Amino acid sequence: MLIATWNVNSIRVRLPRVLDWLREMVPDALLLQETRTPDEFFPQRELQNMGYQSLSHGEKSYNGVAILSRLPMEVTELYLPGAEDDKQARYLEVLLDGNVRIASLYLPNGNPSGSEKFAYKINWMTRLYEHARALLQTGHAVILGGDYNVCPTDDDVYAPEQWADNALCRFEARKAFQDILLLGYCDAFRVFHRTPGEYTFWSYQGGAWSHNMGLRIDHLLLSPKAAERLEDSGIDKRPRGRARASDHAPVWCRLREIL
DNA sequence: ATGCCTTGCGGAGCAAGA
């Protein structure tokens, strides 16, 4: 079972790139972030023609998440639990093929550090921690994938000293990320790749891509039941080098089928 | 030292991203 996550930075602009990638990799499920499109304009039909059912939780202009799947899925959560008043489209969770809980999440950026936005980010991470803990009790394998807007360590940043005070690298954000790992979740990419300098995002500005000045902020976190089935993982950098690319690259993991 | 791109909105520049 191949599962991937990709911040596409507008699904309407990126649709040809997404269709290309579905053709190449044929993932069983693809988690999308920053679709930046209301549900009624989500390109459901084009994806259906490729054999993918899609569920979108979008909003106008900003945010927006979606899940594409070749396997049957049913919605389990449309919002991250823990705040009735938070209506930003940043979370969507499904039960995939009757046995895997999968969430597509777009964690708040939080810049500038110390601002109201930063407080919202940390609060969101606290809610994610609580929900991640609750999901462990469901008995399902759980995959929490998406744009976490967190560089877990300095190995995940091209210039750690420059980024030390950025909301993506601040202690409070890293601590909240580590707390989720301490529940028993694993960072699927780091199981197979230990070297620094592996990134999932490169700014459009200043030749960041050509100089590999990037950040590793897109992650697939696996519960123990999912992690015991983990066979391989990776970052597919090819789409970042193509015309009209997203500034993020897809991250994927492969799980053994249940025996 | 964020604003050297990109996108959305809306019909010119500004907000937001990370």
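We use all heavy atoms of the structure for the numbers below, so side chains are in, but hydrogens, waters and symmetry mates are not. Everything numeric here is computed off the predicted structure, so don't read it as measured data. Order of the sequence lines sets the chain letters (A, B, ...), proteins ahead of strands, with each chain counted from 1.
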- prompt: Does A/Arg70 pair with A/Asp97 as a salt bridge, N-O distance under 4.0 Å?
  reply: no
- line: In whole angstroms, the gap separating C1' of B/dG8 from OH of A/Tyr204 amounts to 13 Å
message: Using the C1' atom as the point on both nucleotides, what is the distance between B/dA12 and B/dT7, in whole Å?
response: 16 Å
query: What pair of heavy atoms forms the shortest contact from A/Asp187 to A/His219, and how long is it?
result: OD2-ND1, 4.3 Å
- line: A/Lys117 atom NZ is separated from B/dA15 atom P, nearest whole Å, by 11 Å
query: Could you state the CD1-C1' distance from A/Ile11 to B/dG8, rounded to the nearest angstrom?
result: 15 Å
query: Contact class for A/Asp218 vs. all strands (heavy atom < 4.0 Å): base, sugar-phosphate, or nothing?
result: nothing
Nucleotide of B/dC5, B/dT7, B/dT2 approaching A/Arg36 most closely (side-chain heavy atoms): B/dT7
- prompt: Mapping A/Asp247 and A/Lys60 to their closest nucleotides on DNA chain B, which lands nearer the 5' end?
  reply: A/Lys60
field: Separation of atom OH in A/Tyr62 from atom P in B/dC9, rounded to whole Å
entry: 9 Å
- prompt: Are the side chains of A/Trp252 and A/Asp232 in touch, meaning some heavy atoms are under 4.5 Å apart?
  reply: yes
field: Whole angstrom value for the distance that separates P of B/dT6 from CZ of A/Arg14
entry: 10 Å
message: At less than 4.0 Å, is any side-chain N or O atom of A/Ser10 found next to OP1 or OP2 of B/dT6? Yes or no.
response: no
field: Short N-O contact, A/Asp20 and A/Arg242, less than 4.0 angstrom
entry: no
task: Answer yes if A/Ile143 and A/Leu55 sit in the same cluster of Ile, Leu, Val, Met, Phe, Trp and Tyr residues linked by side chain heavy atoms under 4.5 Å apart, and no otherwise.
output: yes
Inter-nucleotide P distance (B/dG8, B/dG3), Å rounded: 23 Å
field: Of the listed nucleotides B/dT7, B/dT2, B/dG17, the one nearest the side chain of A/Arg90
entry: B/dG17
- prompt: Which part of the nucleic acid does A/Gln162 contact within heavy-atom distance under 4.0 Å: base, sugar-phosphate only, or nothing?
  reply: nothing
- request: Could you state the atom-to-atom distance from CH2 of A/Trp202 to P of B/dC4 in whole Å?
  value: 23 Å
message: Below the 4.0 Å mark, does B/dT7 have OP1 or OP2 next to a side-chain nitrogen or oxygen of A/Arg244?
response: yes
task: Round to a whole Å and report the spacing from CG of A/Asn63 to P of B/dG8.
output: 14 Å
message: Rounding to an integer number of angstrom, what distance separates B/dA15 and B/dG10 when you compare their C1' atoms?
response: 13 Å
message: Work out how far the P atom of B/dC14 is from that of B/dA1, and round it to whole angstrom.
response: 23 Å
message: Go nucleotide by nucleotide along DNA chain B from the 5' end; which of A/Pro108 and A/Arg12 gets its closest nucleotide reached first?
response: A/Arg12
Gap in Å between the two P atoms, one belonging to B/dC4 and one to B/dC9, rounded: 23 Å
task: Tell me whether the OP1 or OP2 atom of B/dC9 has a side-chain N or O from A/Ser61 closer than 4.0 Å.
output: yes
query: Within the structure shown, what part of the strands sits under 4.0 Å from A/Tyr106 by heavy-atom distance: base, sugar-phosphate, or nothing?
result: sugar-phosphate
message: What's the closest nucleotide to the side chain of A/Glu34 if the choices are B/dT7, B/dT2, B/dG17?
response: B/dG17
task: Starting from C1' on B/dT7, measure out to NE2 on A/His248 and report it in whole angstrom.
output: 13 Å
task: Report yes or no: is the cationic atom of A/Arg216 (NZ for Lys, CZ for Arg) under 6.0 Å from the centre of the six-membered ring of A/Phe189, at an angle within 45° of the ring normal?
output: no
query: Using a cut-off of 4.0 Å on non-hydrogen atoms, how would the nucleic acid contact of A/Asn149 be classed: base, sugar-phosphate, or nothing?
result: sugar-phosphate
